[in-house]
Amino acid sequence: MASPADALNAELVKQTEIFNKLRIENSNPAALEESRKRLGEIKRDLAALKPGGKDAKKRERLLLKTPKGTRDYGPGEMFCRDYVERIVKECFVLYGGAQLDTPVFERKDILAGKYGEDAKLIFDLEDQGGEQLALRYDHTVPLARYLAMGGANNTQSKLWQVGKVYRRDNPVMSKGRMREFSQADFDISGQWDPMIPDAELLSLLCTILTRLEVGEFTIKINHRKILDGIFEVCGVPPEKIRPISSAVDKLDKLPWSEVKKEMTEEKGLDPTTADKIGEYVKHKVGSRPLLDRLLADTSLTANVKAKQGLDEINILFTFLDAYKITDRVSFDLSLARGLDYYTGLIYEAIVEASAPPGFNAVEGLDPAPPTPAAAPKKKSKKGGPDEDEEIDESQVGVGSIAAGGRYDDLVGMFAAAASGDGKKAVGLPCVGVSIGLDRIFALLWPKWVERGMRSKEVFAYVLSAGGGLLPERMGLVQELRAQGIAADFLAKNKPKLNAQFAAGERDEVPYAIILGGDELNAGLVTVKEQRWEFVDGKKTKIESADKGTQVQRAELVQWLKTTTTFKDWSSGRLIQQ
């Protein structure tokens, strides 16, 4: 009987032949990827069977790194991330939302068939007690599952959730494209009059991005029914509509010539049909002018789907005027959103950094741009077929920082599948927006550093000028905390004054509260304000001969709360501009 090592070696030879054949024949990328993965698994299994030797210690060394596509965040970064998340949650509550939480993993059959070509990015998990599970890809499908479990009768609800989602993508860490990342979703479900909740979500998104100061942003909008109508009018076969839609969605990253090549050479679309589509998706002449142009296109308005979509966009613009956000919105026929569950309005928010470096959105739509944007380069690796290729981060944009749309059929789809009788279940119309917190962090963190923002919340540091006064320091710290003032002290019995000041400075604490025996007996404390400035691009504490201000101990809390620094504390600023 062959040993496990012999069996694995034989399988390795066989699988290597399969992999080389697939590579030479330029076979289906999915099949090639699956073969590559299997090769890696066999090699790892063989390595585990090898006995120890002179290299045993080297093999046993623990590689201290985070998994690919993930990262740690230090205290300063987390302070910024928490600030972003806090603003988003405040806006969610401001717009009448209620919080929801769903598991980070779902049954695999719940996620299957909902993401089109992106289904390959779902993280599968090992069989767990008879359940085939996978990490959630987004918050939308888990929400739809939750609503369907509730009988799809949760009318006119506004639900939001914030949490990690997972995609087995090629990461671009510096741009916030990761395998584990945070998303914040706000969804409106139920029967409403047309386009009211859609406009509400666009208003919410504008409010959030404005408060976060992401810079100039644009919300591109389109309508799935308009897009499907265009495809039908141009002659796209029904079975190719979703694949062609996925190709069109790449026009924000690739020139039209590359997108057309994917349509015709990879997805088998007739070149004449592709050219007809191009005549529509090149339209970028503004919002209302483009709508008027499409409404005047009799061949398009004769299509029932397209006409319904155009009428809904027309209603939407009236509401956008009421919200005073029309100037933030761009009607863009090249926006497609590749996910299968969208049924109506779709949108995404972009900033200048969203596009790849050097990519011109207008030139990118030209059939023969003079200087076409380069596709993201991949760095080759020498690790063999079991190693993922690395993306050249310098050639990749941040991408959209928020996106969403209407998905009226997803909840009903789950309800029908759960009934098992083949009957169409009652649906629940839904529309939502998803905000990429990591992509926003990637934009804001450099600005956060440049502006000298804080990294901690400690507002007051309690010191003793002699004798330790540990119980007194503890008592004052606890009193401040009870009144909502973040406070700390040096955890030593009799620390030197300089060591205490240094500890407070490391935490960038704006107020040092100094206790002395005589002052305490007189009911007084000394408060010294500490300030920072930029020197050669670095935060530096301003040295001052000021000995501080004596404040009545009983009035200390009120005194601190009336300071300008306290009133501005939630902004995260340390250095006053």
Side-chain angles (χ1 to χ4, degrees), residues 1-70 105 108-109 111-113 115-128 132-135 137 166-173 177-180 243 246-247 250 258 261-262 265-268 374-393 395-396:
M1 184 175 179
S3 67
D6 290 339
L8 284 171
N9 277 314
E11 189 176 354
L12 178 63
V13 172
K14 180 180 178 181
Q15 193 62 43
T16 301
E17 290 176 355
I18 294 172
F19 176 82
N20 289 334
K21 183 179 179 181
L22 290 171
R23 185 172 56 180
I24 291 171
E25 294 176 353
N26 291 319
S27 297
N28 185 299
L32 187 64
E33 170 70 6
E34 187 62 32
S35 177
R36 181 196 65 76
K37 286 173 59 179
R38 182 58 190 145
L39 265 180
E41 291 170 358
I42 297 170
K43 290 178 181 180
R44 285 191 290 273
D45 290 344
L46 270 172
L49 290 175
K50 290 183 179 179
K54 64 178 182 179
D55 295 329
K57 284 188 177 180
K58 185 176 181 180
R59 287 199 302 272
E60 292 170 2
R61 288 179 61 186
L62 181 65
L63 181 60
L64 293 175
K65 67 181 292 291
T66 61
K68 183 178 180 180
T70 68
F105 49 83
K108 187 177 178 180
D109 53 359
L111 302 181
Y115 300 109
E117 294 184 1
D118 283 351
K120 62 182 180 293
L121 303 181
I122 294 174
F123 264 112
D124 289 343
L125 300 177
E126 294 289 339
D127 184 288
Q128 299 292 326
Q132 292 291 332
L133 305 176
L135 294 175
Y137 179 93
Y166 300 86
R167 298 182 188 178
R168 206 183 71 81
D169 203 352
N170 279 325
V172 185
M173 304 296 288
R177 185 198 294 177
M178 307 166 72
R179 289 183 165 184
E180 177 192 64
S246 179
K250 297 175 183 176
E258 292 294 324
K261 183 178 179 181
E262 178 179 332
E265 296 184 12
E266 294 182 25
K267 298 180 176 177
K377 297 178 182 178
K378 293 185 178 180
K379 298 178 182 178
S380 61
K381 296 188 72 173
K382 299 180 180 179
D386 57 319
E387 295 290 341
D388 287 338
E389 289 183 303
E390 291 184 349
I391 297 291
D392 182 354
E393 300 191 6
Q395 298 298 314
V396 180

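The model shown is predicted, which means the values in this text are computed figures rather than measured ones. Because only heavy atoms are used, hydrogens play no part in the values below, and waters and symmetry mates are left out as well, while side chains stay in. Nothing fancy with the numbering, it's 1 onward along the sequence.
- Note that CG of Leu121 is 9.5 Å distant from CZ of Arg179, once rounded to the nearest 0.5 Å.
- No more than 12 heavy atoms of other residues, nucleotides or ligands shown are found within 6.0 angstrom of CZ on Phe105.
- Ion pairing between a basic and an acidic side chain is recognised when a charged N comes within 4.0 Å of a carboxylate O; Arg38 and Glu41 show such pairing.
- Interatomic distance, OG1 of Thr66 versus CD of Glu180, reported as 9.5 Å (0.5 Å rounding).
- Interatomic distance, OG1 of Thr16 versus NZ of Lys43, reported as 6.5 Å (0.5 Å rounding).
- For Lys267, the NZ atom counts as densely surrounded, since its 6.0 Å shell holds more than 12 non-hydrogen atoms of other residues, nucleotides or ligands.
- Contact of the Leu135 side chain with the Ile122 side chain is not registered, since no non-hydrogen atoms from C-beta on lie closer than 4.5 Å.
- Smallest separation of non-hydrogen atoms from Gln132 and Leu125: OE1-O, 4.3 Å.
- For the pair Lys68 and Asn170, the minimum side-chain heavy-atom distance is below 4.5 Å.
- The side chain to side chain contact (heavy atoms under 4.5 Å, CB included) check on Asp109 picks up Arg107, with sequence neighbours excluded.
- When the side-chain hydrogen bond (donor to acceptor under 3.5 Å, both in side chains) test is applied to Asp169, no partner is found at least two apart in sequence or on another chain.
- Here Glu266 pairs with Glu262 under the side chain to side chain contact (heavy atoms under 4.5 Å, CB included) rule; sequence neighbours left out.
- Between the side chain of Arg167 and the main chain of Tyr137, a donor-acceptor pair closer than 3.5 Å is present.
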